[in-house]
2 protein chains.
Amino acid sequence: MDLIYIITMKKNLHVNKALDLLKSSPLKVTSQRTRLIEILFKNGDHHFTAEDVHKEVDKNKYKISLATIYNCLNQFTKHDILKSVRLSSDKIYFDTNTKAHHHFFCVSTEKLSDIKSSDVEISNLPTIPKDKKLKSVEVVVNISD
Amino acid sequence: MDLIYIITMKKNLHVNKALDLLKSSPLKVTSQRTRLIEILFKNGDHHFTAEDVHKEVDKNKYKISLATIYNCLNQFTKHDILKSVRLSSDKIYFDTNTKAHHHFFCVSTEKLSDIKSSDVEISNLPTIPKDKKLKSVEVVVNISD
DNA sequence: TCTTAAATTAGAATTATTCTAATTTAATGT
DNA sequence: ACATTAAATTAGAATAATTCTAATTTAAGA
Ligand SMILES: [Mn+2]
Ligand SMILES: [Mn+2]
Ligand SMILES: [Zn+2]
Ligand SMILES: [Zn+2]
C-alpha cells in the first residue's frame with residue numbers, strides 16, 4: 001500500500017515539474033498541452049518521436065491533432081521543457097531530460113537512451129575555429145543488437 | 001612551375017585513390033561514377049550533401065540524374081569509398097574521409113568540418129548495455145557564427 | 001462579459017530520399 | 001566482333017517527416 005503510494009508520487013513529480021515549467025513559460029496552459037505533458041512525463045526520463053507521441057495520444061483516446069503535437073513539441077523545446085536530439089537524418093527525437101548529456105543510439109531498434117554524465121569523460125576538446133562560438137558537445141555511442 | 005605541378009599531383013592522388021577503390025570494388029566503372037569521383041575527390045577531404053553534388057554536376061555541364069547521384073553516393077558509402085554522417089534530421093552528409101573521426105557542425109552555415117583526431121580525447125567511455133555491441137563513437141561539436 | 005492574441009486544426013505543401021519500371025551499358029564468353 | 005546478361009541509369013512517381021496555411025476556437029486579462 002505505502003509502496004504503491006510512493007511510486008504514484010514519483011510519477012507526479014516529473015509531470016508536476018513539467019507543468020510548473022509550462023505555467024511559468026509564456027505559453028498558455030491548454031488541455032492539449034496539459035495532456036501531452038502528462039503523457040510525456042509520467043514515466044520519467046525518456047526519448048520519443050512525434051509519431052510515438054501520436055500513437056500514445058490515440059491509445060489514451062485523446063484527440064489532439066498531429067499538427068498540435070508538432071507545434072507543442074517544438075514550443076516545449078524552445079522553452080526548455082523538452083530537448084531535441086538530431087542524429088538520424090530522418091526523425092527528430094525529443095528528450096524529457098533537458099540537461100546536457102550524451103546518448104546511446106541503437107541502430108537496430110532506433111532507440112535512444114541516456115548515458116550517465118559521469119560515464120563519459122572528454123579530456124581534450126579541439127580549439128573552436130576563431131570566428132565561431134561553441135554551442136554544445138554531443139557524444140553518440142552507436143550500438144546494435 | 002614546379003610548385004603548380006606538385007599541387008596538381010596532390011589533387012590527382014585523392015582522385016586516383018578513390019578510383020582505385022572503385023576498381024577494386026564489385027561496382028562497375030561507369031562514366032557517371034568516374035565523373036562523380038573526380039568531382040568529389042578533386043579537392044581533398046570534404047563534406048557534402050546529395051544536393052551539393054547535384055549543383056556541382058550541373059556546373060560542370062555533366063548530365064547525371066539525381067537518382068544516379070543518390071545511388072552512387074549510397075553505393076560508394078557501402079563500399080567504403082565514402083562515409084555518411086547523420087546528424088541533421090533532414091539531410092545526409094557524405095564525407096570523403098572514411099576513417100573514424102569527429103566533426104564540428106556549424107548550425108549557422110550547416111557545414112561540417114573535420115576535427116583532427118588527436119584533438120579529441122575521450123578518457124572514459126560508458127559500459128555498453130550487456131546485450132548490445134559497440135558500433136562507433138561520434139562526437140559532434142556544435143558551433144555557430 | 002468583451003476583446004484579442006494565441007492555440008488548434010484539417011488538409012495542403014515542402015523536401016529529402018527512395019522506389020519503379022523501362023532503357024542503356026559494361027563486362028564476359030563465344 | 002557479337003551475343004548474352006546482370007548491373008547501371010533514368011524520369012518520374014511514391015514516400016514520409018515536418019512545416020505551412022488559413023479558418024476556427026479558446027485562454028486569459030480588461
Ligand atoms: Mn525523409
Ligand atoms: Mn524533411
Ligand atoms: Zn537523453
Ligand atoms: Zn569528416
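Computation of the quantities below employed the complete heavy-atom set of this structure, encompassing side-chain atoms and omitting hydrogens, waters and symmetry-equivalent molecules.
- With C/dG11, C/dT18, D/dA17 as the candidates, the nucleotide lying closest to the side chain of A/Ala67 is C/dG11.
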Q. Does the side-chain contact (heavy atoms from CB on, under 4.5 Å) test come out yes or no for B/Tyr93 and B/Ser88, once each step is laid out?
A. CA-CA 9 Å; B/Tyr93 288 80; B/Ser88 93; 4.0 Å; yes
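- Atom-to-atom, CG of B/Leu66 to P of C/dT15 comes out at 14 Å; the value is rounded to the nearest Å.
- Look at CZ on A/Arg35: it is 15 Å from C1' on C/dA7, rounded to the nearest Å.
- Contact between the side-chain N/O atoms of A/Thr30 and the OP1/OP2 oxygens of C/dT8 is found at a separation under 4.0 Å.
- Among the atoms of the strands shown, base atoms are found under 4.0 Å from some heavy atom of B/Asn71.
- Protein atom NZ of A/Lys55 is 12 Å distant from nucleotide atom P of D/dA16, rounded to whole Å.
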(Q) What verdict does the side-chain contact (heavy atoms from CB on, under 4.5 Å) test give for B/Phe48 and B/Leu40, after you've listed the backbone C-alpha separation in whole Å, the side-chain angles of each residue and the deciding distance to 0.1 Å? (A) CA-CA 9 Å; B/Phe48 42 82; B/Leu40 305 181; 3.7 Å; yes
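- Closest to the side chain of B/Ala50, from the set D/dC20, C/dT17, D/dT18, is C/dT17.
- What separates CG of B/Leu36 from P of D/dA8 is a distance of 14 Å, to the nearest Å.
- Within 4.0 Å (heavy atoms only), A/Thr68 reaches at least one base atom of the nucleic acid.
- Taking 4.0 angstrom as the limit, B/Tyr70 places none of its side-chain polar atoms (N or O) nearer than this to OP1 or OP2 of C/dT18.
- Each of A/Ile64 and B/Val29 has a nearest nucleotide on DNA chain C; the 5'-most of these lies closest to A/Ile64.
- Rounded to whole Å, atom P of C/dA16 lies 14 Å from atom CG of B/Leu73.
- Between A/Asn74 atom CG and C/dT8 atom P there is a gap of 13 Å when expressed in whole angstrom units.
- Between A/His47 and the options A/Asp52, A/Asn97, A/Asp114, a side-chain hydrogen bond (donor to acceptor under 3.5 Å, both in side chains) holds for only A/Asp114.
- Taking 4.0 angstrom as the limit, A/Arg33 places none of its side-chain polar atoms (N or O) nearer than this to OP1 or OP2 of D/dA27.
- For A/Gln75, the listed nucleotide lying nearest its side chain is C/dA7; candidates were D/dC20, C/dA7, D/dG12.
- Along DNA chain C, the nucleotide nearest A/Gln32 and the nucleotide nearest B/Tyr93 are compared for position; the residue whose nucleotide lies closer to the 5' end is A/Gln32.
- Comparing D/dA11, C/dT17, D/dT18 by their nearest atom to the side chain of B/Ser65 picks out D/dA11.
- As rounded to whole Å, 15 Å separates atom C1' of C/dA26 from atom NZ of B/Lys23.
- Nucleic acid contact class of A/Lys28 (heavy atoms, under 4.0 Å, all strands): base.
- B/Thr34 and B/Ser31 share no donor-acceptor pair across their side chains, judged by distance under 3.5 Å alone.
- For B/Glu110 and B/Lys91, the salt-bridge test passes: some basic side-chain N is under 4.0 Å from an acidic carboxylate O.
- One atom, CD1 of A/Ile69, and another, P of C/dA7, lie 17 Å apart when rounded to the nearest Å.
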